[in-house]
Every structure is written in C-alpha cells, then in structure tokens.
Amino acid sequence: IRLADLSTPFLALGSVGTGRTEALATICRQLVASGCRAWAYPIREEDEARFDGAQLVRTGVATDLPEDVFLLVDNAGEVDAGDPLVSAACGRQRPQVCLAGEEKALSGLMGWKGALRGGASGLALSPSAYDGDLIGLKVSRDDAFSGPPGRALLSCRDGSQLFMRRVLQ
C-alpha cells in the first residue's frame with residue numbers, strides 16, 4: 001500500500017501494548033526511506049528516537065502543514081478535535097496522515113475526528129470483536145484475537161475497494 005496515494009487517512013488502531021506506536025514508527029522509517037518528508041506529532045520524549053528521520057513537532061508550535069509532508073500522530077485520541085495540523089491533513093484530497101490510537105478515542109462528531117467517520121484505511125492491532133468500524137471492518141468473534149504486539153488486521157479503502165488481511169510481525 002502506498003500511503004501517500006490513499007484518498008483516506010490511515011489509522012493504527014489498538015489499545016496500549018498492541019504495538020501501535022511501533023507500527024507508526026515503522027511507517028515513519030518506510031516513508032523517510034522512500035524520500036517522503038514526515039512530521040511526527042506529538043511524540044512522547046521516550047519515543048522520539050523511534051521516529052528517526054522525521055521532524056518532531058510539538059503541540060501548538062506549528063499551524064501550517066506543507067503539502068509535501070506526511071503527518072504521523074501518535075496517541076491521536078489525546079489530540080483536540082480542532083487541532084489545526086491534524087485538521088489540515090485530514091482535509092486534504094490525499095490526506096497523507098497516519099493516526100495511532102484507541103478506536104473509541106478517535107471517534108467523534110466534531111473536527112478531524114468527525115472527518116474519520118467518512119471512512120479510513122488502517123490496521124486493527126489485536127482487535128476485539130466488533131472493533132474496526134472506523135476502517136471499514138466488522139471484526140467478528142472468530143476474527144478477533146490478541147497476542148504479541150504487532151498482529152493486526154489490515155483494511156484498505158480507496159474508492160470502492162475494501163480488502164482485509166492478517167498482518168503478522
């Protein structure tokens with residue numbers, strides 16, 4: 001999947017300990033290696049080294065998002081629904097944004113959280129039954145699983161396409 005070409009935001013959904021920050025850091029490394037500019041926002045100090053090659057952006061510091069920048073947002077549920085950077089990224093024709101967080105914390109009606117209701121692509125890391133609505137999945141009891149961090153279901157929606165794959169680390 002070429003994230004920069006998606007017409008939807010990309011989400012890494014999971015609870016604490018499922019590997020969502022590592023998934024985001026892996027996406028960062030791949031984007032940087034392919035020549036993309038990446039901004040990591042807001043990244044906790046203890047995780048900064050994992051986002052090598054990305055410009056680390058602090059909350060409230062930058063308000064303009066250059067068109068050629070891919071925005072990576074960890075713990076996105078903690079970011080205000082009116083945040084200008086995330087709103088700008090989610091509002092683009094090609095969003096170029098990856099948001100990591102718990103699905104319930106990313107759900108909402110206002111601002112950029114409301115924009116996710118229109119459909120996103122992403123990973124459901126160690127999903128429980130009925131998780132995945134934001135990325136077009138209907139995780140059944142049979143498809144739900146827990147396990148080592150990094151195990152996920154992948155959903156990609158771009159136009160009318162929807163596919164789901166198990167991803168194992």
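When reading the values below, keep in mind they use all heavy atoms of this one structure, side chains included, and skip hydrogens, waters and symmetry mates. Every value quoted in this text rests on a predicted model; they were computed, and no experiment measured them.
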Looking at residues at least two apart in the chain, or sitting in another chain, which of them share a salt bridge (charged side-chain N to carboxylate O under 4.0 Å, His left out) with [X]?
X   : answer
R29 : E22
D80 : none
R37 : D68
D52 : none

Determine the minimum heavy-atom distance between [X] and [Y], stating which atoms define it.
X    : Y    : answer
V57  : Y41  : O-CD1, 3.3 Å
A38  : V69  : C-CG1, 4.5 Å
S128 : A144 : C-CB, 3.6 Å
V79  : D83  : CG1-CB, 3.5 Å
G77  : L106 : N-CD2, 3.5 Å

- Applying side chain to side chain contact (heavy atoms under 4.5 Å, CB included), run through Q30 and L3 and close with a yes or a no. CA-CA 10 Å; Q30 292 172 346; L3 295 180; over 6 Å; no

Kindly write out the residues that satisfy side chain to side chain contact (heavy atoms under 4.5 Å, CB included) with [X], not counting sequence neighbours, or none if the list is empty.
X    : result
E78  : R44, N75
A81  : K113
R141 : A129, Y130
S15  : T18, E102

From [X] atom [atom1] to [Y] atom [atom2], the distance as rounded to the nearest 0.5 Å:
X    : Y    : atom1 : atom2 : result
L56  : F51  : CG    : CZ    : 8.5 Å
C98  : L11  : SG    : CG    : 7.0 Å
D143 : L137 : CG    : CG    : 8.5 Å

- Evaluate the side-chain proximity of C156 to L6: yes if any heavy-atom separation is below 4.5 Å, no if none is.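 A side-chain contact under 4.5 Å exists here.
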
- Item | Side chain to side chain, L99 and L116, heavy atoms closer than 4.5 Å |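 Of all side-chain heavy-atom pairs linking L116 with L99, at least one is under 4.5 Å.
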
- V97/W112 under side chain to side chain contact (heavy atoms under 4.5 Å, CB included): CA gap, chis, key distance, verdict: CA-CA 11 Å; V97 62; W112 64 264; over 6 Å; no

- Query: Under the 3.5 angstrom rule, does the side chain of R20 hit a backbone N or O of L125 as a donor-acceptor pair?
  - Reply: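 Here the side-chain-to-backbone pair does not exist.
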
- Check: I135 main-chain N/O paired with S155 side-chain donor or acceptor under 3.5 Å: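 Here the side-chain-to-backbone pair exists.
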
- Does L24 share a hydrophobic cluster with V32, counting links as ILVMFWY side-chain heavy atoms below 4.5 Å and allowing steps through other members? no

- S107 and L134: side chain to side chain contact (heavy atoms under 4.5 Å, CB included), yes or no, with the steps? CA-CA 8 Å; S107 299; L134 285 175; 3.8 Å; yes

- Apply side chain to side chain donor-acceptor pair (under 3.5 Å) to Q55 and list each qualifying residue two or more places apart in sequence or on a separate chain.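 With sequence neighbours excluded, Q55 shows a side chain to side chain donor-acceptor pair (under 3.5 Å) to W39, given in chain and number order.
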
- Item | Residue list, side chain to side chain donor-acceptor pair (under 3.5 Å) with D74, at least two apart or on another chain |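 If we apply the side chain to side chain donor-acceptor pair (under 3.5 Å) test to D74, skipping adjacent residues, the hits are T21.
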
- Note on the structure: Quick note, salt bridge (Lys or Arg N to Asp or Glu O under 4.0 Å) partners involving residues 125-136, not counting sequence neighbours, are D133-K138

- More than 12 heavy atoms from other groups under 6.0 Å of CZ on R117: no

- Message: Can you confirm whether more than 12 heavy atoms, excluding those of E46, are under 6.0 Å from its CD atom?
- Response: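 Enclosed: over 12 neighbouring heavy atoms sit under 6.0 Å from CD of E46.
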
